Enquirer: 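Questions regarding the structure given below will be posed in turn.
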Amino acid sequence: MTAQAPRPIPAVVVGLCGHGLALARALRRAGVPVLALEASPTLPGAATLSAEIEWVRDINGAGLIEALRALARRFEPGDRPVLYLTNDRMVATVAARSRELAALYRLSWGDCAERLVPLLDKLNIEARCAAVGLDYPRSAMVRSEGDLKMLHSRLRFPIIFKPSRPLSSFKTAVVSSLDDAYQVLQRHHGSLPFIAQEFIPGDDRHIHFGALYLDRGRVLARFQGRKLRSRPMGHTTIAESSPNADVARLAERFYDGLELSGPVSLELKRGPDGRYWVIEPTVGRTDFWVDVCIHNGVDLPVIEYRHQLAQTLPATTQLRQVVWINDERDPFAKLWLFAHEPRIALEQHRRTLYFDVEDMGPQHQHRRDHHRWLFAALGKRVRQLVGWPASVRNAAAPKSSAPRKSRWAQWREDVSALGAWDALWSVLASLLEHLSAGRLRLIRYHVVVQPIQPGPLLRTAARGFRVHPVSPTDPLLKQFPRPAEVLAQRFVRGATCLAAESDGRLAGFIWLAFGHYEEDEVRCRFELAEADSCAWDFDVAVEPDFRMTRTFLRLWECANSYLYKRGCHRTWSRISAFNRESRAAHLRLGARRVHSATFLCAGRWQLSFFDTAPYIHLSGSERNMPTLTIGGNACAQAGRAHDLLASKSSPPAGKD
């Protein structure tokens with residue numbers, strides 16, 4: 001009688017997001033029976049044929065432990081399935097009960113949970129880097145709004161915020177000023193504390209990662225890759241295999257001496273000087289991009305399974321033949337890849353998150369979800385445009401004591417304030433940004449000119465408050481919410497800065513340029529036709545604590561006096577066509593609209609439209625920048641306005 005082959009030990013995958021789906025498919029291809037715990041039947045991964053699904057209420061919190069206990073009763077005594085987790089919260093939850101679960105499941109890192117858990121907290125990463133001699137960006141803790149005021153003295157902008165706890169309301173956010181930092185804190189106050197770090201220059205393509213599979217500190221498998229794109233920041237949407245001995249060495253050094261087991265990885269960013277800076281580690285699980293390892297010769301899930309069963313490990317040779325794409329989070333990832341990395345797009349196979357010829361259910365579900373989202377977004381935008389209620393339920397809901405304006409009333413206000421044409425542009429800009437998840441931007445400027453008045457704007461001066469020119473060595477520059485290199489570059493280009501100071505504190509500033517100005521939000525150079533009698537003002541900012549005061553008027557009064565003494569009769573600037581407050585403020589100062597400029601930005605490509613030469617311009621890099629020459633007849637018109645103002649005997653009334 002032929003002996004029956006032993007039944008294979010099953011694997012249990014917790015979560016069927018794109019990450020869990022990749023694990024289940026890899027194990028099923030290796031002949032491993034897979035059971036998956038999932039709480040959301042609407043996920044595309046729930047349509048897979050690669051796993052038997054057990055529906056539970058909770059896969060992240062305390063309910064996960066109860067679900068694992070209940071599932072264990074289905075297995076034969078002694079089977080002990082291999083357990084795979086897919087996010088940090090699961091790892092923390094299981095680590096707290098690892099001794100109890102060790103009798104029910106094979107957990108690759110179960111014997112070192114107490115050494116692994118501290119690495120889940122980003123607050124401990126800086127100390128670990130210092131202990132092993134790795135570079136870590138200069139950092140500070142933000143536990144409350146009060147800590148933001150200290151960032152200027154400790155870090156240089158731009159800085160990056162990261163919540164210290166896993167699965168918070170955001171992953172990373174880059175801010176270039178203290179004002180931006182306040183906005184992030186207000187939006188994500190529930191995710192405090194944050195780690196604030198100096199931002200290492202460079203785009204996503206400078207981010208590398210090294211993945212390891214360890215057995216009490218001994219490396220059994222390794223893989224190195226590179227990110228190409230993240231949307232939003234911190235969430236990888238394109239990754240490639242990229243063998244790199246330096247990345248492998250640094251990843252091993254980070255974990256050296258900890259005697260860890262199981263899958264780990266380390267993310268690093270290469271700075272402009274070639275140094276690698278530690279971004280963050282991952283422990284207790286593989287990363288979301290594990291598919292790029294699986295399909296390039298290093299099958300980490302199968303390696304983990306066989307190691308836990310004391311079987312022969314599969315041979316690993318890192319290849320460079322598949323690029324991984326998360327098209328769920330980044331629908332335009334393929335287009336970006338062909339536009340920015342055509343060699344990779346043509347030479348390597350493209351592996352998307354859900355597509356698999358042997359398991360098409362998740363792909364079909366993903367397409368259906370995408371189409372529903374697209375039509376829902378279009379329907380919502382149409383309802384907003386015509387002022388229809390969002391739903392019958394909302395329309396029938398009892399009204400609050402303070403009735404809210406209808407969409408139609410809001411639209412009429414926009415038309416009244418902006419004009420019908422700019423109001424339509426504003427709607428189109430919002431629609432493009434919403435449908436493209438922020439990848440398409442429509443920016444429209446008005447170029448305005450305003451006369452310089454011969455007299456003061458305010459009658460009295462405030463005590464302890466002064467506005468003065470700032471030199472490149474002025475200590476006050478340290479309080480500016482702008483990167484030091486940006487400020488230095490402005491001075492090199494010949495720009496002048498006037499700063500408002502109150503008892504030693506920065507209250508606000510305004511920058512003035514002469515001859516020309518290069519915009520930093522889009523690619524455009526503004527040339528002044530009459531440079532001797534005109535100036536360009538830009539980057540006018542008032543610090544948050546001074547925004548309900550007359551700081552802006554005092555800044556403008558000083559700029560007005562400075563330019564008048566220099567012989568300037570008018571100053572030019574650009575304002576957003578969609579900013580009602582800015583347009584109204586410039587109108588009160590006597591500004592006149594002269595030109596308009598509209599920019600459609602998609603990645604590195606920019607299509608520009610002007611109401612004067614060059615009219616239309618397509619740009620793909622800084623070397624190909626449109627130039628708009630302003631002045632001439634418009635200056636003459638503004639000159640007449642200046643003469644009219646100069647003929648008045650008294651300045652505008654005002655008092656403190």
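Please read all numbers here as calculations on a predicted model, not as lab measurements.
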Enquirer: Rounded at 0.5 Å granularity, tell me how far CD in E519 sits from CZ in R574.
Expert: 4.0 Å

Enquirer: Supply the atom-to-atom distance S242 OG to R205 CZ, rounded to the nearest 0.5 angstrom.
Expert: 13.5 Å

Enquirer: Just verifying a value: how many Å separate H468 NE2 and L476 CG, rounded to the nearest 0.5 Å?
Expert: 5.5 Å

Enquirer: Which heavy-atom pair separates V323 from I238 by the least distance, and what is that distance?
Expert: CG2-CG2, 3.8 Å

Enquirer: Taking the side chain as C-beta and beyond, is there a heavy-atom pair between D539 and F480 under 4.5 Å?
Expert: no

Enquirer: Taking C-beta and beyond as the side chain, do F509 and P481 meet within less than 4.5 Å on heavy atoms?
Expert: yes

Enquirer: Does F332 form a ring pair (Phe, Tyr, Trp, His ring centres under 6.0 Å) with F338? I'd like the steps, not just the answer.
Expert: CA-CA 10 Å; F332 299 100; F338 276 98; over 10 Å; no

Enquirer: Does W572 form a ring pair (Phe, Tyr, Trp, His ring centres under 6.0 Å) with F526? I'd like the steps, not just the answer.
Expert: CA-CA 10 Å; W572 294 81; F526 297 96; 9.6 Å; no

Enquirer: Please name the pair of heavy atoms, one in V174 and one in P158, separated by the smallest distance, quoted to 0.1 Å.
Expert: CG1-CB, 4.1 Å

Enquirer: Does any N or O in the side chain of R156 come within less than 3.5 Å of the main-chain N or O of P483, such that one atom is a donor and the other an acceptor?
Expert: no

Enquirer: Of all the heavy-atom pairs spanning A531 and G515, show the shortest one and how long it is.
Expert: CB-CA, 3.8 Å

Enquirer: For residues S230 and D204, report the shortest heavy-atom separation together with the two atoms involved.
Expert: N-OD2, 2.8 Å

Enquirer: Applying ring pair (Phe, Tyr, Trp, His ring centres under 6.0 Å), run through Y445 and F599 and close with a yes or a no.
Expert: CA-CA 9 Å; Y445 295 147; F599 304 88; 5.7 Å; yes

Enquirer: What distance do Q197 atom CD and L155 atom CG have between them, rounded to the nearest 0.5 Å?
Expert: 9.0 Å

Enquirer: Going from CZ on F209 to CD1 on I207, what distance comes out if it is rounded to the nearest 0.5 angstrom?
Expert: 10.5 Å

Enquirer: Inspect the contact between R505 and E543 and indicate whether a charged nitrogen and a carboxylate oxygen are less than 4.0 angstrom apart.
Expert: no

Enquirer: Could you tell me whether E341 and R229 make a salt bridge, using a distance below 4.0 angstrom between a side-chain N and a carboxylate O?
Expert: no

Enquirer: Taking all non-hydrogen atoms of both residues, which atom of S619 and which atom of S621 are closest, and how far apart?
Expert: OG-O, 3.1 Å

Enquirer: Looking at R523 and R604, would you say the former's side chain and the latter's main chain have a donor-acceptor pair under 3.5 Å?
Expert: yes

Enquirer: Under 6.0 Å from the six-membered ring centre of F514 and within 45° of its axis: does the NZ or CZ of R566 meet both?
Expert: yes

Enquirer: Give a yes or no answer on whether the side chain of R583 reaches the backbone of I575 with a donor-acceptor pair at less than 3.5 Å.
Expert: no

Enquirer: At what distance, to the nearest 0.5 angstrom, does OH of Y354 lie from CD of E328?
Expert: 3.5 Å

Enquirer: Which pair of heavy atoms, one from A613 and one from L628, lies closest together, and at what distance?
Expert: O-CD1, 3.4 Å

Enquirer: Are R444 and D422 close enough, and set up right, to give a salt bridge (Lys or Arg N to Asp or Glu O under 4.0 Å), and what steps lead you there?
Expert: CA-CA 9 Å; R444 181 170 169 82; D422 283 331; 2.6 Å; yes

Enquirer: Take the angle between the ring planes of W421 and W425 and call it parallel below 30°, perpendicular above 60°, tilted in between.
Expert: perpendicular

Enquirer: So do the side chains of E557 and L553 get within less than 4.5 Å of each other, counting heavy atoms only?
Expert: no

Enquirer: Under the salt bridge (Lys or Arg N to Asp or Glu O under 4.0 Å) criterion, do E267 and K227 qualify, and how do the steps go?
Expert: CA-CA 10 Å; E267 189 174 290; K227 291 188 178 184; 3.0 Å; yes

